[in-house]
Amino acid sequence: MHLLHYHLDSTLISQRCLLCFDLCFDSHAHVPLKTRQADTAMVVLANPPAVDQIPLLRSPGPTDTFAAVPVVDLSIPGAARAIVDACERFGFFKVVNHGVDTGTMDRAESEAVEFFAQAQPVKDRAGPAYPSGGYGSKRIGLNGDMGWLEYLLLAVHNASISDSCAVPSNAAFRAALNEYIAAVRKVAVRVLEAMAEGLGIAPVDALSAMVTEQGSDQVFRVNHYPPCPALQGLGCSATGFGEHTDPQLISVLRSNGTSGLQIALRDDGAQWMSVPSDRNAFFVNVGDSLQVLTNGRFKSVKHRVVTNSLKSRVSFIYFAGPPLAQRIAPLPELLREGEESLYKEFTWGEYKKAAYKTRLGDNRLAQFEK
Ligand SMILES: C=C1C[C@]23C[C@@]1(O)CC[C@H]2[C@@]12CC[C@H](O)[C@@](C)(C(=O)O1)[C@H]2[C@@H]3C(=O)O
Ligand SMILES: O=C(O)CCC(=O)C(=O)O
Ligand SMILES: [Fe+2]
């Protein structure tokens, strides 16, 4: 038997299993939530659901929808200005007219759906995800984060899955992912070029070269969030991917038609807004490294995924990172006279190593702030 204690006026819900007495943890502070009689409600579930270790969140309501997501038309000259504006305001925007064939996206998606539909032991043979890439389920990273998802985490070399990564072994799936990765990487390059143009940085590849150079550290992730019917009608949802910022320069995301992605409009994460899904568009997140390169002018956006109770979500995310030796420091052209860097010096390799010691919701940049 399970008891769910939830704070009626907060997003985070704690959960206690009467059998194992495990408490879920606040994904940000990593301390057990205290449940008080006055502001908690109790729901007794007849069948212990499989969401035991997964933090629960208040289900998004209709008023949580972020209708004003900045939309950038990549095919028009005003794209550069619009991108800079969106990165300064939200660290997040949607890209349309990107030129990627819908067939490329659909093939990758249907192959991924087929992969995740396989029996668990078959998928487990494609694991583990760490250290060199492969299949993972529920556990995110190495430091105790849990989510209601399964995924493939893959290293990318140049414009395709690294040869050192044996997963996926199915030739059709691998080819479909490689076709998609080559296309999404071009979108990332165009976005980074437009950013440089909008910021007035020369040459135009000042940012994009960091991700196209030999040895650039690119990662690709396919996430599958199965529906979670056990929580239907309870007003709460399982955490799919807990709140975090991405460490790289930018991340380019595409999902099927199931919503679930939320971004925090306020730094303290007090206002979570749901991003309406659009299977024909890409969504771009500013990552921590780009925040540093712009000396805080662009903010890396805090985001998370909330699981749907009835529909599964499939997402593809391309993380554009520089070579390990790349120095991450504010670009001199962006510093006004007398303006100093807000950050200590570091390389991408140093940042990545530190990031992998943190938990998802930690403020990874804090230790590099001056
Ligand atoms: C908990 C973690 C998962 C993560 C590595 C980390 O220790 C902290 C950063 C996490 C993150 C978030 C964005 C990407 O999904 C990711 C691949 C990345 O580069 O940093 C994940 C890492 C992961 O899933 O391994
Ligand atoms: O799956 C998603 O939609 C987003 C996942 C995410 O933020 C990540 O993998 O870093
Ligand atoms: Fe992310």
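This is a predicted model, so every value here is computed, not measured. Counting convention: from 1, in listed order, for ligands and their atoms alike.
Annotation for ligand 2: atoms under 4.0 Å from non-hydrogen atoms of L253 are 2 (C), 3 (O), 4 (C). Applying the 4.0 Å criterion to heavy atoms of R221 picks out, from ligand 2, the atoms 9 (O). Residue-ligand proximity, F319 to ligand 2, at heavy-atom distances under 4.0 Å covers atoms 8 (C), 9 (O), 10 (O).
Using a 4.5 Å heavy-atom threshold, the side chains of L57 and R304 count as touching.
Ligand 2 has H244 within reach: a non-hydrogen atom of the residue lies less than 4.0 Å from it. The closest approach between any non-hydrogen atom of Y151 and ligand 2 is not below 4.0 Å.
At a heavy-atom distance under 4.0 Å, only side-chain atoms of H303, from C-beta outward, approach ligand 2. At a 4.0 Å heavy-atom cut-off, ligand 2 touches D246 through the side chain alone.
Contact record, S216 with V211: OG-O, 2.9 Å, taken as the closest heavy-atom pair.
In the hydrophobic cluster analysis, where Ile, Leu, Val, Met, Phe, Trp and Tyr join through side-chain heavy atoms closer than 4.5 angstrom, L360 is grouped apart from F368.
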Once you restrict both partners to nitrogen or oxygen, which atoms of ligand 1 have a protein partner under 3.5 Å, and how far apart are they?
residue: ligand 1; atom: 7 (O); partner: A355; partner atom: O; Å: 3.2
residue: ligand 1; atom: 7 (O); partner: T358; partner atom: O; Å: 2.9
residue: ligand 1; atom: 15 (O); partner: R221; partner atom: NH1; Å: 3.1
residue: ligand 1; atom: 19 (O); partner: Q248; partner atom: NE2; Å: 2.9
residue: ligand 1; atom: 24 (O); partner: Y130; partner atom: OH; Å: 3.1
residue: ligand 1; atom: 24 (O); partner: R221; partner atom: NH1; Å: 2.7
residue: ligand 1; atom: 25 (O); partner: Y130; partner atom: OH; Å: 2.7
residue: ligand 1; atom: 25 (O); partner: Y356; partner atom: OH; Å: 3.4

Less than 3.5 Å apart, which donor and acceptor atoms pair up between the side chains of residues 190-197 and the rest of the protein, not counting sequence neighbours?
residue: R190; atom: NH1; partner: H98; partner atom: O; Å: 2.9
residue: R190; atom: NH2; partner: L74; partner atom: O; Å: 3.4

